[in-house]
2 protein chains.
Amino acid sequence: MKEIEKRLNDNGVRPTAMRILIYKYMAEKEVAVALTDIENAFAKADRTTLYRTLKTFEEKGIVHQIDDGTHISKYALCEPGCNCELEQDLHLHFHCNNCEETVCLTEQKIPHINLPDGYIAEDANLIVKGICEKCSG
Amino acid sequence: MKEIEKRLNDNGVRPTAMRILIYKYMAEKEVAVALTDIENAFAKADRTTLYRTLKTFEEKGIVHQIDDGTHISKYALCEPGCNCELEQDLHLHFHCNNCEETVCLTEQKIPHINLPDGYIAEDANLIVKGICEKCSG
DNA sequence: ATTTTTGATGCAACGGAAGTGCATTTATTA
DNA sequence: TAATAAATGCACTTCCGTTGCATCAAAAAT
Ligand SMILES: [Mn+2]
Ligand SMILES: [Mn+2]
Ligand SMILES: [Zn+2]
Ligand SMILES: [Zn+2]
């Protein structure tokens, strides 16, 4: 578990007990989590703390926010060494219409898109919806 | 303006005065609109009516909903004869980080994506963020 | 034409999620 | 130990989406 502390330290985030727990929680789950999920998992902690933890993690590049079309922000841990900001590292996200879960498909990069003249791309978000492998099996 | 009435009728929506006004409003705007926008444009009408009008339009294939990552639903008129549901007709949407407006880029289709085994795609949503042509010029 | 039925609109309220200001506690560092 | 900075907790707000029910208008049936 010293690894988590190191990861946080390396990214300029002080490894408090709560933050380590949240990191662990996200590492164990294989799907993207919403603030509400964390809230339910840590009923004793205050929502604001959890909220701000996610914001801090996001700022410091520990997690990335995911917009899966549900209008609820989801978060997932970044791969160690990933640069989510850069176009080359943008991967797609899959949202299952059955189990409602959202996962990172880190291998599937977002293809480069040609835009009409005058448009300048800075970021992209591709989300595919359908049936996930667990639900289709 | 008989055209609008026809369009609504053809899609199984009774062309009330309010609905025609909303349709006209969306046709004149070149950008996707949120419920709040319509609300501001028609202060006299009730929110619920406007809300339900959008829902009806969406169900009947008159508008499509757009998720531009702001967590606010936007809507835009469908091209006549478009099948937004079908993969071939899925176009990308552009959200300007400067003016905050979202537009349909109907010519830019979403490329086909290969998914890992077990995943079944039913729908896709690609949104590119950056600077729009108005703001970059 | 009058009644009956269906659909559209309006009003009021609810709920979820995001966000903020300020007090308090905990950890650093002087 | 005292001073400072950061993290946490509490209370409250705002915004958007959504629903139930009453009322009003239009269409269909008699
Ligand atoms: Mn991801
Ligand atoms: Mn569109
Ligand atoms: Zn699933
Ligand atoms: Zn712009």
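Residue numbers start from 1 in every chain, and the chains themselves are labelled A, B, ... in the order their sequence lines are given, proteins ahead of strands.
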*Across the strands shown, which category fits B:R52 at heavy-atom distances under 4.0 angstrom: base, sugar-phosphate, nothing?*
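It contacts base atoms.
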
Rounded distance in Å - [atom1] ([X]) to [atom2] ([N]):
X     : N      : atom1 : atom2 : value
A:R14 : D:dA5  : CZ    : P     : 12 Å
A:Q65 : C:dG19 : CD    : C1'   : 13 Å
A:D46 : C:dA23 : CG    : P     : 17 Å
A:R19 : C:dT26 : CZ    : P     : 16 Å
A:E5  : C:dA27 : CD    : P     : 13 Å
A:L54 : C:dG19 : CG    : C1'   : 14 Å

Requested in this report: Check whether the side chains of B:H93 and B:D67 place a donor and an acceptor atom closer than 3.5 Å, and report yes or no.
Outcome: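 No, because no side-chain N or O of B:H93 sits under 3.5 Å from a partner of the opposite role on B:D67.
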
Classify the side-chain pair A:Q108/B:N114 by whether it contains a donor and acceptor separated by less than 3.5 Å.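 Not at all, the side chains of A:Q108 and B:N114 share no donor-acceptor pair under 3.5 Å.
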
Any side-chain N or O of [X] under 4.0 Å from OP1/OP2 of [N]?
X     : N      : answer
B:S73 : D:dG17 : yes
B:Y51 : D:dT18 : yes
A:K44 : D:dG9  : no
B:T49 : C:dG10 : yes
B:R47 : C:dG10 : no

Exercise. Run the side-chain hydrogen bond (donor to acceptor under 3.5 Å, both in side chains) check on A:T102 and A:H95 step by step: do they pass?
Worked result: CA-CA 4 Å; A:T102 300; A:H95 178 76; 2.8 Å; yes

Practice prompt. Between A:K55 and B:T16, just flag the one whose closest nucleotide in DNA chain C comes earlier from the 5' side.
Written response: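 The residue mapped nearer the 5' terminus is B:T16.
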
B:E101 and B:K74 ion-paired at < 4.0 Å
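B:K74 and B:E101: not salt-bridged.
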
Check: B:T48 side chain, C:dC11 base, donor-acceptor under 3.5 Å:
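Side chain to base: pair present.
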
